[in-house]
Amino acid sequence: MEITTPMKETTDIILEGGGNPLELCYQCGLCTGVCPWNRLVSFPLRKLIHKSQLGVVDFENEEVWQCVGCNACVDRCPRDVEVPFIMRALRRVIMEVGAGIVPHSLRISEKNISAVGNPLGEPPEKRMDWAKDLGIKTFTKGTEILYFPCCYQTYDPPAQKVAKATIDILKKAKVDFGIPDNNVVCCGESIRKAGAESLFQRLAKTNIDIFAELGVKKILVTSPHCYHTFKDEYPDLGANYEVIHLSQYLAELIKDSRIKMTKELNKKVTYHDSCCLGRYQGIYDEHREILNSIPGLEFVEMPETREYSLCCGGCAGRLWMESKKGERLSELRLEQVFEVGANTLAISCPYCMANFNDGVISMNKAEVLEVKDLSELVVEAL
Amino acid sequence: MAEKKVATKKDTEPKIGVYICHCGSNIAGTVDVPQVVEFAKGLQAVAIAREYKFMCSDPGQSMIKDDIKQLGLNRVVVASCSPLLHEPTFRHAVQEAGMNPYLFEMANIREHCSWTTEDHGEATEKAKALVSAAVKRIFYHQPLEVREVPVNPNTLIVGGGIAGIQAALEIADAGHKVYLVEKDPSIGGHMIQFDKTFPTLDCSACILTPKMTSVGSHPNIELMTYSEVEEIAGFIGNFKAKIRKKAKFVDESKCNGCGVCIEKCPWKADSEFDLGLSQRKAIYTPFPQAVPNIPVIDKESCAYFLKGKCRACEKFCEREAIDFEQQDKVVEIDVGNIIIATGYDPFDPTPIVKYGYGEFPNVVTGLEFERICNSVGPTGGKIVLKDGSEPKSIAIIHCVGSRDENYHKYCSRVCCMYALKYSHLIKEKTKADVYQMYIDMRCFGKGYEEFYKRLADEGVTFIRGKPAEVTDRAINEEEKGKLIVVGEDSLLGTVVRVPVDMVVLCIALQARSDAKNVAQMFTISQGADDFFIERHPKLDPVATMTEGVFIAGCCQGPKDIPDTVAQASAAATRVLALISKGKVELEAAVAVIDEEKCSGCRICNLLCPYNAIDFIEKEEVSRINEALCKGCGTCVAACPSAAITHKHFTTEEIMAEIEGVLV
């Protein structure tokens, strides 16, 4: 039989990389049972944590890259073990020490972010081109709100619709806002979870310096990932902002009657709670308030919503890693959308949008289901 | 109040004896004791300074006593360990030599000095400073009187479960009066709800009802059921309690427990005793063996109280014992000691949505399963599903609400054992397969591990892993119509799906929902887990920080019946010790208000954690009840008029001590 000896030095390296939560785990196995991966493929999560405790992780095994950081396990763990922190530490060992191989497509995205500040590898000078003809100003000192769209929403045409819809809404509500200039870079949230810690530090510093010079106090985002890192991670680097996601802002604007939705949308809509706004932040109600106040819209709930929502599979850098058809979390979730008979899937995250759009096409359901961001639905009703 | 005899010496001129202890090498290994002795000799009013290896020993103490007698010392300073350890020892020693114990002071040159540093020079300097502080302080010490108060031999026990019953019987059998107050219509607590008890599988009612009957008929026990304590005042040995006896609408002196009224009553409600699994009448006894066997009328479900109709019970009662006009009665009693034995509440697993309690009818809690197994329970003791059919398989999930940061962090101690017990009962009464989903098996007590082994022979399947969910969404034919327990088997390393007919959740034991009110009323504290806090977790588990108030049983923390009975006996013993002593000494280092200076602002009243300060309306001043005051000093510090003096910790004493350390 194979004999294992614990390797303390490896455990120490994992701990130093931020993997301390592994010390709390008492190996009950609840996480493995909760993890949505185990409905599709095999992800022996509890065992991986024990291997981390003993320092005998096989860094060349794919399982190190499997965790999507959705926090479904963290929410229910009886010891409050923050599993994504452990995974991040393991990935840091690979990225920084070279103990294993970085998945190819992730490596490309990482290089892109490092070189030109966005995962798509697009030129930084063109970052704000999407807004060229929209007649909006660049943020300067004294502007109330900085609207910071996700890299995808600035460069990727389907996602750009969300940024443009957001602008429509902000203009209608006469909000005093500005967009950043071409010098800002990716917020770094997902690449950090994928193990690229020093890259994240560099990206954050770039953004923080720019924001400081401009006197930014309030940031509006349309990606829950930007929300998470600006609100929860940038303060560790000394930068504190009031961060608000569009769904929260929309709920406010609707309540204060600053925008009025009068057109009827005859759609049967279901809403997918994103991990980064839902489980991470506890924000669930605002989206439902918005959808329920759009005239003509029929709102249905899927099974497993709110804190039990199934991740689309895009967090923690998984968006940049390959999954085989038939082994994608987004497909699992889409089955539930079809189950409730919705013809529109409302989301509030660019990664969810990308994953579900891909899923709809690969499952041949483009005729049946459209994926729309909340901002797009609201604009249709204005 | 008896005055302690105090030997007086002419103490116009302080004559101080200073004794520096070596404490073996504990102090002498780091502090240069001879140097400190020389230093002490040079301090003002020090008549003699000596050193010795172990001051607390007999020869050490004799040294002090001889010096007092021969040299006419009127103050003694011992520089040694912590006062928590030996202040009483030395106070006693000087008292034997005829000196007032409050004219003694300790300087801690061990825990505060030799044990904090390895630097000999620094330790010696600090020891000198501490000795100087003690010597300067002792100038201002006054001979204080320790007062004695008598102890009322009656005892109040709050809670009539096994803990309260045990304690009551022990005190009553010793010949003293007990008031046992229980809020439910009958005593018995949770124990009487159980079927069999682990590890012996004794029938719970069979072992408990004899004790209940003894309580009911004991000449020294005044049993007040359907009653609650409303107010407590006083202090150890002298408590005054107000107890509200809720109206039962049945005259206890006339009722003979024949039960005809219950039979004839046409109105029903959910049975609290059966946790809502069955119904009881509006006039009811909670269970057949109730003590006292007197029914009560529940106003919320009685047609007479709700609509003015019926009165069937009254018509049929041959003894004319029904009295709809009966009122609550408040009685006042005097007791010397109080034992709190209020027990626990079961955890409600509804918030754990993924386990389906409340959604699936065949997911039940441990306590509900007890009632199902019990022969006078909702199913007559048959283990059946909600539709009456026999289950072919049952899963028992451990640690529901326990060992969980999301609910209760602690382990509830009894669940592993009662889970094994259920396995046995299921195997005894049905042919069902039994699965136990556990994380650890905690079988720590006498006969417990052997009981675990016994279960292995009975064919129970153990799966190590905390389940992620209980679902009815089947993925194959085998699972249709079943409840499927999904989780990782951590020993296999695979996810398992176990289809069963019934799921039993081993729920946590938690503090009672009204524990906060009880704590406030009796001036005791709750811990972070909401259970009442004992004086010391290892060495004093039944006393509380309030003298004269004891705790026993699950109100102090989850535990099994053997440990509950042991604690109840312990509490009873402490009470009997106090009754036997007959009197208590009150600490002399208390606070006192100079009424000339008191402005009547009352800031101190609310600050006192012991409710020891009363405001005298007529005189517009506050006054401290010396018996309740613990000398914490909060009021002394807060008084804006500097009207409060803290005996033995006066401003002069403290300033002198500071001066001694600094100069």
> Non-hydrogen atoms of chain A under 4.5 Å away: do they reach the side chain of B/Val496, the backbone, both or neither?
Replying inline: neither
>> At a 4.5 Å cut-off on heavy atoms, which part of B/Arg497 comes close to chain A: side chain, backbone, both, or neither?
In response: neither
> So which of A/Lys47, A/Arg46, A/Gln27 has the largest heavy-atom pair count under 4.5 angstrom toward chain B?
Replying inline: A/Arg46
>> Whether B/Arg473 and A/Glu304 form a salt bridge (side-chain N of Lys/Arg under 4.0 Å from carboxylate O of Asp/Glu) is what I want to check.
In response: no
> Is B/Lys409 salt-bridged to B/Asp404, cutoff N-O under 4.0 Å?
Replying inline: no
> Can you tell me if B/Gln567 uses its side chain to pair, donor with acceptor, with the backbone of B/Gly553 under 3.5 Å?
Replying inline: yes
>> Whether the side chain of B/Ser490 engages the backbone of B/Arg464 through a donor-acceptor N/O pair (distance < 3.5 Å, no angle test) should be reported.
In response: yes
>> Please rank B/Val486, B/Val353, B/Thr494 by heavy-atom pairs under 4.5 Å with chain A and give me the top one.
In response: B/Val353
> Passes salt bridge (charged side-chain N to carboxylate O under 4.0 Å, His left out), A/Glu301 versus A/Arg288? Steps please.
Replying inline: CA-CA 10 Å; A/Glu301 291 272 20; A/Arg288 290 163 172 85; 2.7 Å; yes
Measure [X] against the heavy atoms of chain B and call it side chain, backbone, both or neither at under 4.5 Å.
| X | value |
| --- | --- |
| A/Tyr26 | both |
| A/Cys77 | backbone |
| A/Asp80 | both |

>> Looking at B/Glu477, I want to see if its CD is surrounded by more than 12 non-hydrogen atoms of other residues, nucleotides or ligands under 6.0 Å.
In response: no
